[in-house]
K.L.:
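I'd like to ask you about the structure that follows.
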Number of protein chains: 2
Amino acid sequence: MSPRPKIGLDISFIIEAAGEIADQYGVQEVTLASLAKKIGIRPPSLYNHFDGLPGLRKKLAIYGIDKLYEVMADAAIGVSGTEAVIAVSQAYVNFARKHPGIYEATLLAPDPEDVDVQRAGAKIVDLSVRVLQAYHLEGEHALHAVRGLRSILHGFSALEQKGGFKMALDLNESLLIILKAFLAGIGQRDRLMEG
Amino acid sequence: MSPRPKIGLDISFIIEAAGEIADQYGVQEVTLASLAKKIGIRPPSLYNHFDGLPGLRKKLAIYGIDKLYEVMADAAIGVSGTEAVIAVSQAYVNFARKHPGIYEATLLAPDPEDVDVQRAGAKIVDLSVRVLQAYHLEGEHALHAVRGLRSILHGFSALEQKGGFKMALDLNESLLIILKAFLAGIGQRDRLMEG
DNA sequence: TGATAAAACTAATACCATTAGTTAATATAA
DNA sequence: TTATATTAACTAATGGTATTAGTTTTATCA
């Protein structure tokens, strides 16, 4: 059928290089110029591998979402209930800490509605739904809970990264307390009755 | 002492113009070129008002934080307890919806450790602490709770903006459920005993 | 071996921030 | 009121950026 591409730079290799730049210098430093320099080619040559800077950002976003999913799924192995939610959450936050640039790139896709981006993100949503099923939430309540968990995890990660938490107070302890509070609130049935 | 500046463009006017560009076209479109064009001067002239693009970003961040604080403080008037927390939270999220570019700029200061930026942000933290005092949290617990609330609000706002919530599910309902769950969990004393 | 297609390249363009140096106008001081 | 100092605009020039067009090299396949 279609002839194999000539032996050149592998697209995965290129995206990984972009991820390294993002983690090391920040996602804004991922330019066609810096990326080309890192892998030893000229900027225009990159257009053979993706559609300009927007194309690179999309591929990097999907790459990051996939990597994030992997560490979350791995953390979910062998645990259940609240313990599983916390393990998955800590994996999420630790990924953002270890790969600040790649994590930031996960939300920097030029078009969030893009099918490929959506499909990658859906896996994380599905995993979150499964892990929260221990709380036996009814119907839409499970979806609200997923939004809450994701809001906490992204908000916490982003604020930690951008220097939003300035107090001298243990960050891991904060995360644990926040998660436990949210999960306890999600778990109780009569929450809506009170004052 | 120091002579008054000649009648020229007011810095507040310039920053407001930058905010309009941010809200209309996205914060990435706030360039010295686009801003100069909007206010009818040449790009280099802007250097008389702030120190290049980083200087503009810092001023825009502080401007946004101040505006966000205003709507939050206004929402806190005449309410107390859980009602106050929810009112302030909704004001936060609504500000991010109404001013997506300005909101995004609040976290885009070139140096988050900058004294002026910190001072602006501290007012929001203080307000959050005061509003959460209804829960009579002991010592550090109040600070963990503030971090949690801020994580939820920023995470929710950012994900809503970046298209992170794709399900057809009412967003305001999600926010309310998330907040009530978190606050219920924060409120109960024996949370740490369970499973 | 020869044809094809991929992937590199050079050259050129347009837009961006930034710096240097200049000019005009205003406010302050005598 | 006049002279001076200061502010805020300007033009011109530089270097970095993405991007397009057109060319060349090279690997793969028939």
Side-chain angles (χ1 to χ4, degrees), chain A residues 1-22 24-63 101 104-105 108-111 114, chain B residues 1-22 24-63 101 104-105 108-111 114:
Chain A
M1 299 289 193
S2 59
R4 299 272 187 75
K6 96 170 175 184
I7 304 177
L9 290 169
D10 188 39
I11 180 65
S12 308
F13 175 82
I14 297 177
I15 301 301
E16 278 174 25
E20 288 173 13
I21 296 173
Q24 221 173 336
Y25 304 105
V27 77
Q28 296 303 329
E29 297 300 318
V30 179
T31 64
L32 296 190
S34 67
L35 178 56
K37 187 172 212 174
K38 184 180 176 75
I39 63 183
I41 61 176
R42 302 304 181 113
S45 307
L46 290 170
Y47 284 77
N48 290 314
H49 300 282
F50 45 74
D51 197 10
L53 195 53
L56 171 59
R57 295 233 169 95
K58 173 184 164 178
K59 282 200 187 311
L60 189 57
I62 294 173
Y63 167 73
E104 205 176 347
L108 235 64
D111 176 20
D114 179 276
Chain B
M1 301 289 192
S2 59
R4 298 272 187 75
K6 97 170 175 184
I7 305 176
L9 289 168
D10 188 38
I11 180 66
S12 308
F13 175 82
I14 297 178
I15 301 302
E16 278 173 26
E20 288 172 15
I21 296 174
Q24 221 171 338
Y25 305 105
V27 77
Q28 295 304 329
E29 297 300 317
V30 179
T31 64
L32 296 189
S34 68
L35 178 56
K37 187 172 210 173
K38 184 179 177 75
I39 64 182
I41 61 174
R42 302 304 180 111
S45 306
L46 290 170
Y47 284 76
N48 290 314
H49 300 282
F50 44 76
D51 197 11
L53 195 53
L56 171 59
R57 295 233 170 95
K58 173 184 165 178
K59 282 200 187 312
L60 190 56
I62 294 173
Y63 167 73
E104 205 176 347
L108 235 64
D111 176 21
D114 179 276

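Reminder, nothing fancy here: chain letters follow the sequence lines and each chain counts from 1.
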K.L.:
Could you tell me the separation between the CG atom of A:L53 and the C1' atom of D:dG16, rounded to a whole number of Å?
P.N.:
14 Å

K.L.:
Using whole Å, what does the distance between atom P of nucleotide D:dG16 and atom CD of A:Q28 come to?
P.N.:
19 Å

K.L.:
C:dA8 P sits how many Å from A:L46 CG, rounded?
P.N.:
8 Å

K.L.:
Whole angstroms only, please: what is the CZ-C1' distance between B:F50 and C:dA17?
P.N.:
12 Å

K.L.:
What integer distance in Å separates A:L32:CG from C:dA8:C1'?
P.N.:
15 Å

K.L.:
Quick check: do B:L46 and B:L56 have side-chain heavy atoms less than 4.5 Å from each other?
P.N.:
no

K.L.:
Name the nucleic acid region contacted by B:T31, choosing base, sugar-phosphate or nothing; use a 4.0 angstrom heavy-atom cut-off, strictly under.
P.N.:
sugar-phosphate

K.L.:
Report the distance from atom CG of A:L35 to atom C1' of C:dA7, rounded to the nearest whole Å.
P.N.:
15 Å

K.L.:
Answer yes or no: is there a side-chain heavy-atom contact under 4.5 Å between A:P110 and A:R57?
P.N.:
yes

K.L.:
Considering only side-chain heavy atoms of B:P44, which listed nucleotide, C:dA17, D:dT11, D:dT20, is closest?
P.N.:
D:dT11

K.L.:
Please determine, for the side chain of A:I41, which listed nucleotide (D:dC10, C:dA8, C:dT18) has the closest atom?
P.N.:
C:dA8

K.L.:
Could you give me the CA-CA distance, side-chain angles and deciding distance for A:L60 and A:F50, then say whether side-chain contact (heavy atoms from CB on, under 4.5 Å) is met?
P.N.:
CA-CA 11 Å; A:L60 189 57; A:F50 45 74; over 6 Å; no

K.L.:
So, taking the atom named CG in B:L35 and the one named NZ in B:K37, what distance separates them when rounded to the nearest 0.5 Å?
P.N.:
12.5 Å

K.L.:
Less than 4.0 angstrom between a side-chain N/O of B:R42 and OP1 or OP2 of D:dA9, yes or no?
P.N.:
no

K.L.:
In whole Å, I'd like the distance from the CZ atom of A:F13 to the P atom of C:dA8.
P.N.:
11 Å

K.L.:
Return yes if the base of C:dA6 and the side-chain atoms of A:N48 contain a donor-acceptor N/O pair under 3.5 Å, otherwise no.
P.N.:
no

K.L.:
Looking at B:S45, does any N or O in its side chain come under 4.0 Å of the phosphate oxygens OP1/OP2 on D:dC10?
P.N.:
yes

K.L.:
If you check every side-chain atom of A:Y47, which of D:dA18, C:dC16, D:dA21 has the closest atom?
P.N.:
D:dA18

K.L.:
Kindly indicate whether the side chain of B:H49, heavy atoms from C-beta on, has any atom under 4.5 Å from the side chain of B:K59.
P.N.:
no

K.L.:
Tell me whether the side-chain N/O atoms of A:H49 come closer than 4.0 Å to OP1 or OP2 in C:dA6.
P.N.:
no

